[in-house]
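Inspection log for the structure reproduced underneath, given as C-alpha cells.
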There are 2 protein chains.
Amino acid sequence: MRSSRQRDAVLEVLRASCDHPTADVIFERVRSQIPNISLGTVYRNLGQLKDEGFITVVESSDTKVHYEGNLNEHIHFLCKMCNNITDVWCQSPVPARLAEMGLQVESQKTVYYGVCKNCRDNIECN
Amino acid sequence: MRSSRQRDAVLEVLRASCDHPTADVIFERVRSQIPNISLGTVYRNLGQLKDEGFITVVESSDTKVHYEGNLNEHIHFLCKMCNNITDVWCQSPVPARLAEMGLQVESQKTVYYGVCKNCRDNIECN
DNA sequence: TATTAAGTAGTAATGATTACTATTACTGTA
DNA sequence: TACAGTAATAGTAATCATTACTACTTAATA
C-alpha cells in the first residue's frame with residue numbers, strides 16, 4: 001500500500017470524527033479538502049484501511065456500514081429509537097456505567113472475531 | 001399482528017435452523033413448505049418478527065442481514081477467513097471456552113441495545 | 001528521468017432490500 | 001353463516017448502498 005493523498009484524507013477525517021459516519025458522510029467531509037474525490041475512492045480506501053487494521057466497522061441498525069477511527073477498546077450503545085451509537089468508555093462493561101450515562105439497556109450482543117479451527121488447520125496444511 | 005401461514009412458516013424455519021441464514025436462504029427453505037411464497041413476504045415477516053422480538057439479527061461480515069431464532073443469550077464467534085458464525089454457549093464469556101472450541105480470538109466487540117436519554121425524555125414529555 | 005504498477009475519477013453495473021398494487025384470507029360482528 | 005373491514009400476500013418495479021470497470025494519473029524505485 002503506497003501513500004496517497006486521498007487515503008490520508010479519509011483516515012484523517014475518520015480519526016477526527018466523534019460520531020460513526022457512513023461512507024457517504026465521510027465522502028462529504030473529505031470533499032471539503034479534496035473537492036473532486038470520487039465516492040468509489042472513498043469506498044476503496046475504507047476497505048483497505050479496514051483490511052490493514054487502521055479503522056474498524058461498527059454494528060448499526062440501518063443497512064449502511066458505519067466506520068470508526070478510534071481503535072481504543074470501548075463499548076457501543078445503540079439506541080433502538082433514534083439509532084444513535086454512543087461510545088462507552090470503561091474498563092469493565094458494567095450496566096451501572098450505562099445507567100449513569102442515562103442509557104437504558106434492554107439487551108446485549110457480544111461478538112468475538114478471529115480464526116476458527118477449520119481455517120487454522122487449512123493454513124497449517126498449506 | 002394476526003396469524004398467517006407464511007409468518008408461522010418463516011418463524012418455524014428459523015427456529016429449526018442451526019446456522020444463521022439470510023433472507024434469501026430462509027426464502028428457499030420456506031419454499032419447500034409454501035412453494036409460491038414471495039421473497040417480499042419473507043422480508044416483511046422477518047421485519048415484523050424482529051420488531052415483535054421473536055427473532056434477532058446477527059452481526060456478520062457480508063452485506064446481507066443474518067437472522068437467528070434462538071433467543072437464549074449466547075455469544076457469537078465470527079471467523080474472518082470463512083466468515084462462518086459459531087454459537088458459543090457459556091455463562092461467563094471466557095476466552096478459555098473459545099480456545100477450548102478451537103476458536104482463536106483476535107478482537108471483540110460488545111454492543112448494548114436500549115433507549116438513550118434523549119429518546120426517553122421525549123417519550124415522557126409526550 | 002523512465003518504468004511500472006498502484007491509485008484515481010467518473011460512470012456503469014450489481015444485488016440486497018423496500019415499495020407498490022391488485023388480490024386474498026383472517027377475524028370480529030350481526 | 002354472511003358480511004365488512006383490514007391485515008397479509010404474490011408478483012413486480014423501484015431504490016440505493018456498494019462494487020466493478022476503464023482510461024488516465026501519480027508514487028516509488030532504479
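Within every chain, numbering begins at 1; the chains are lettered A, B, ... in the order of the sequence lines, protein sequences first and strands thereafter.
- A donor-acceptor distance shorter than 3.5 angstrom exists from the side chain of B:R7 to the backbone of B:R2, with no hydrogens or angles considered.
- Cation-pi geometry between B:K50 and B:Y67 is not satisfied (NZ or CZ under 6.0 Å from the ring centre, within 45° of the ring normal).
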For a quick check, with a 4.0 angstrom heavy-atom cut-off, what is the B/S/- contact string for nucleotides 22-30 of chain D, read 5' to 3'? ----BBS--
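- Nearest heavy atoms, B:F54 versus B:M1: CE1-CE, 3.9 Å.
- In the region residues 48-67 of chain B, proximity to DNA chain C at under 4.0 angstrom, judged on heavy atoms, holds for B:K64, B:V65.
- Hydrophobic clustering (side-chain heavy atoms under 4.5 Å, transitive across Ile, Leu, Val, Met, Phe, Trp, Tyr) groups A:I34 together with A:L11.
- Criterion: ILVMFWY side-chain heavy atoms under 4.5 Å apart, direct or through other members. Under it, A:V65 and A:L78 are not part of a common hydrophobic cluster.
- By the side-chain hydrogen bond (donor to acceptor under 3.5 Å, both in side chains) test, B:S17 is found to be paired with B:R29, residues two or more places apart in sequence or in another chain being considered.
- Contacts between residues 33-45 of chain B and DNA chain D, counted as heavy-atom distances below 4.0 Å, involve B:N36, B:I37, B:S38, B:T41, B:R44, B:N45.
- A:V25 and A:L14 fall into different hydrophobic clusters, where Ile, Leu, Val, Met, Phe, Trp and Tyr residues are linked whenever their side-chain heavy atoms come under 4.5 Å apart, directly or through other members.
- Heavy-atom contacts of chain A under 4.0 Å fall on DNA chain C between two terminal nucleotides, which in 5' to 3' order are C:dA5 to C:dG10.
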Please tabulate, for side-chain N and O atoms in residues 80-88 of chain A, each donor-acceptor pair with protein atoms closer than 3.5 Å (sequence neighbours left out).
{"residue": "A:K80", "atom": "NZ", "partner": "A:E106", "partner atom": "OE1", "Å": "2.9"}
{"residue": "A:K80", "atom": "NZ", "partner": "A:E106", "partner atom": "OE2", "Å": "3.3"}
{"residue": "A:N83", "atom": "OD1", "partner": "A:S61", "partner atom": "OG", "Å": "2.8"}
{"residue": "A:D87", "atom": "OD1", "partner": "A:H20", "partner atom": "NE2", "Å": "2.8"}
{"residue": "A:D87", "atom": "OD1", "partner": "A:H74", "partner atom": "NE2", "Å": "3.1"}
{"residue": "A:D87", "atom": "OD1", "partner": "A:H76", "partner atom": "NE2", "Å": "3.1"}
{"residue": "A:D87", "atom": "OD2", "partner": "A:H20", "partner atom": "NE2", "Å": "3.4"}

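- Between the CZ atom of A:F27 and the C1' atom of D:dA17 there is a distance of 13 Å, rounded to whole Å.
- Note on B:V57 and B:V13: same hydrophobic cluster, where clusters join Ile, Leu, Val, Met, Phe, Trp and Tyr whose side-chain heavy atoms are under 4.5 Å apart, directly or indirectly.
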Intermediate values then yes/no, salt bridge (Lys or Arg N to Asp or Glu O under 4.0 Å), B:R15 and B:E12: CA-CA 5 Å; B:R15 282 183 175 159; B:E12 193 184 319; over 6 Å; no
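- Without hydrogens or angle criteria, A:R120 side chain to B:G102 main chain gives a donor-acceptor distance under 3.5 Å.
- The 12-atom threshold is exceeded at CD of B:Q33, counting heavy atoms of other residues, nucleotides or ligands nearer than 6.0 Å.
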